[in-house]
Amino acid sequence: MIVSAGAVVGDGVVHRPGWLSIRDGTIDDVGSGAPPSTPDLEFPSGTVVPGFVDQHVHGGGGASYTDGDPDQVRAAAAFHRGHGTTTTVTSTVSASPDELAGIVARLAPLVRDGVSAGIHLEGPWIAHARCGAHAPDRLRAPDLAEIDRLLEIADGTIVMVTIAPELPGALDAVDRLVAAGVRVAVGHTDATYAQTRAALDRGARVATHLFNAMAPLGHREPGPVLALTEDPRVVVELIGDGVHLHPALVADVQRTVGSARTSLVTDAMVAAGMADGDYVLGSLDVYVSDGVARLRSNDAIAGSTATMDALFVRTVAGLVAEPDPMTSDDALLAASAMCSTTPAHVLGRSDIGLLTVGRRADLVVLDEELQVQHVTGLDTNTASSATAEGSAS
């Protein structure tokens, strides 16, 4: 199959116009100019980008990932797929030991079935002082016996765990998780610079939503922010929805650490794509007003209502704006890296995240306003196609 478009965002280059040749679900050629044969799908005003990869998301479209209900997980994954996310991680929230074991047991088959790219345990091993939208009574210090129990239940389906490195036993937990092939993320933390560095030296490699729910950068005690951004081994998550972070800060982090070390994440909860109103995140009551989710108990921000296509549009706009503007093509390349290539790398996936020969044909077509026009991809194993079709020749 040949797909042609006004632009194809490749590996370090934007082909204008561009085309892809796809055989048996795999890209076997990419190029600029006229395609080698009559296209099967044409998007003359469209821009083709890799399918988005969301490494931190709790639900959306009125459905939740957090309790592991299979119908809810499938519905939320389908909702996000319609917004260009062809690969989604199922992120949990803090729960009691037995609750968490049950959630993992329900999510693991969905990973094996290809609905999810893996489980992300966000909590319960996080700091009370930086718990955000996590139930304080579910938080605790890491326990190796509990970790071993969860790893056994998951049987390889846990891909990431967020930990506050200042907690008792946290560094031993990092060792155990890293040895099991799990990506360890530093987040929801009041850690000092030195404590954060210790976790990185033991193998932590991700910053869970940098700046949010962590000690701020200080001039005498720089805390986790400096430790995470200065270490070239670390990928930092940013919730680029315009609520959690100022757009200028998102652009500054991208310039400072680079797109190869920055993952845009939605941190979306059940209310993504839904109307304002009352919702639940884990065991906590949430209300959404003007698209912003907050806890009923204390007005803390409770995840987002964003989708990855919206983050992509916002990021491109921010990168081409003053005071240090990128070209439109450079902004497309940077946003594509942060929404697809870098998170795919975090997940250890070399089959997705780039439109290059040999990669899976996970692709999203955006219209002239960078709105999703067409999605053709595989959410790990399951074929999906969504939204308006291009013109078939």
Side-chain angles (χ1 to χ4, degrees), residues 53 55-56 68 87 89-112 116-127 138-189 191-210 214 224 227-228 230-237 261 263 265 342-351 353 380:
V53 180
Q55 69 185 53
H56 187 157
T87 301
V89 167
T90 42
S91 298
T92 64
V93 293
S94 297
S96 72
D98 287 342
E99 288 171 335
L100 191 57
I103 292 166
V104 170
R106 292 187 291 275
L107 287 175
L110 295 166
V111 177
R112 287 189 281 270
S116 161
I119 302 166
H120 165 214
L121 302 181
E122 188 184 19
W125 309 303
I126 59 177
R138 303 296 205 278
L139 307 185
R140 53 194 177 273
D143 177 80
L144 294 183
E146 181 183 9
I147 289 171
D148 286 343
R149 178 190 182 195
L150 292 171
L151 291 172
E152 182 177 2
I153 293 169
D155 192 23
T157 59
I158 294 174
V159 294
M160 189 160 64
V161 172
T162 296
I163 285 182
E166 71 274 22
L167 296 179
L171 296 182
D172 289 339
V174 173
D175 290 342
R176 186 67 56 88
L177 291 164
V178 169
V182 176
R183 291 84 178 158
V184 175
V186 173
H188 286 275
T189 177
T192 65
Y193 175 84
Q195 289 169 329
T196 307
R197 289 292 315 169
L200 302 182
D201 289 341
R202 302 284 273 267
R205 292 292 181 265
V206 179
T208 291
H209 44 54
L210 188 72
M214 65 174 57
L228 293 163
E230 73 176 3
D231 192 320
R233 301 170 296 182
V234 174
V235 170
V236 299
E237 295 181 353
R261 288 187 50 214
S263 284
V265 298
T342 302
H345 173 73
V346 169
L347 299 178
R349 299 289 298 273
S350 60
D351 59 328
T380 307

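Count residues from 1 along the sequence. Computed over heavy atoms, backbone and side chain alike; hydrogens, waters and symmetry mates excluded.
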Any side-chain donor paired with an acceptor under 3.5 Å for T189 and E166? yes

Considering only heavy atoms from C-beta outward, does the side chain of T208 approach that of E122 to under 4.5 Å? yes

Minimum heavy-atom distance R140-P97, with the two atoms named: NH2-N, 3.3 Å

At their closest point, which heavy atom of G118 faces which heavy atom of V111, and how far apart are they? CA-CG2, 3.8 Å

Euclidean distance, I103 CD1 relative to I119 CD1, rounded to 0.5 Å: 10.0 Å

Taking all non-hydrogen atoms of both residues into account, name the closest pair between T87 and A117 and its distance. CG2-CB, 3.4 Å

Under the ring-ring contact (aromatic ring centres under 6.0 Å, His included) rule, collect the residues that match up with H56, sequence neighbours excluded. H58, H120, H209

Check against side chain to side chain contact (heavy atoms under 4.5 Å, CB included), E146 and L100: CA-CA 10 Å; E146 181 183 9; L100 191 57; 4.1 Å; yes

Rounded to the nearest 0.5 angstrom, the CG-CG distance for D143 and D172 is 11.0 Å

Considering only heavy atoms from C-beta outward, does the side chain of V182 approach that of L121 to under 4.5 Å? no

Do D201 and R197 sit within salt-bridge range, that is, some charged N less than 4.0 Å from a carboxylate O? yes

When rounded to the nearest 0.5 angstrom, what distance separates CG in D98 from CZ in R149? 5.0 Å

Report the distance from atom OG1 of T342 to atom CD of Q55, rounding to the nearest 0.5 Å. 9.0 Å

Of all the heavy-atom pairs spanning S94 and G123, show the shortest one and how long it is. OG-CA, 3.4 Å

If you look only at pairs with a residue in residues 148-182, which of them pass as a ring-ring contact (aromatic ring centres under 6.0 Å, His included), with sequence neighbours excluded? none

Is there a donor-acceptor contact under 3.5 Å from the side chain of R205 to the main chain of V346? no

Do T92 and L107 come close enough that some side-chain heavy atom pair is under 4.5 Å? yes

Considering all heavy atoms of both residues, which atom of L347 and which atom of R183 are nearest to each other, and what is their separation? O-NH2, 2.8 Å

Between V206 and L228 the two heavy atoms that sit nearest each other are O-CD2, 4.4 Å

CD1 on I153 to CG on D148, rounded to 0.5 Å: 11.0 Å

Interatomic distance, R202 atom CZ to I163 atom CD1 [nearest 0.5 angstrom]: 11.5 Å

Does some side-chain heavy atom of R176 sit less than 4.5 Å from a side-chain heavy atom of P142? no

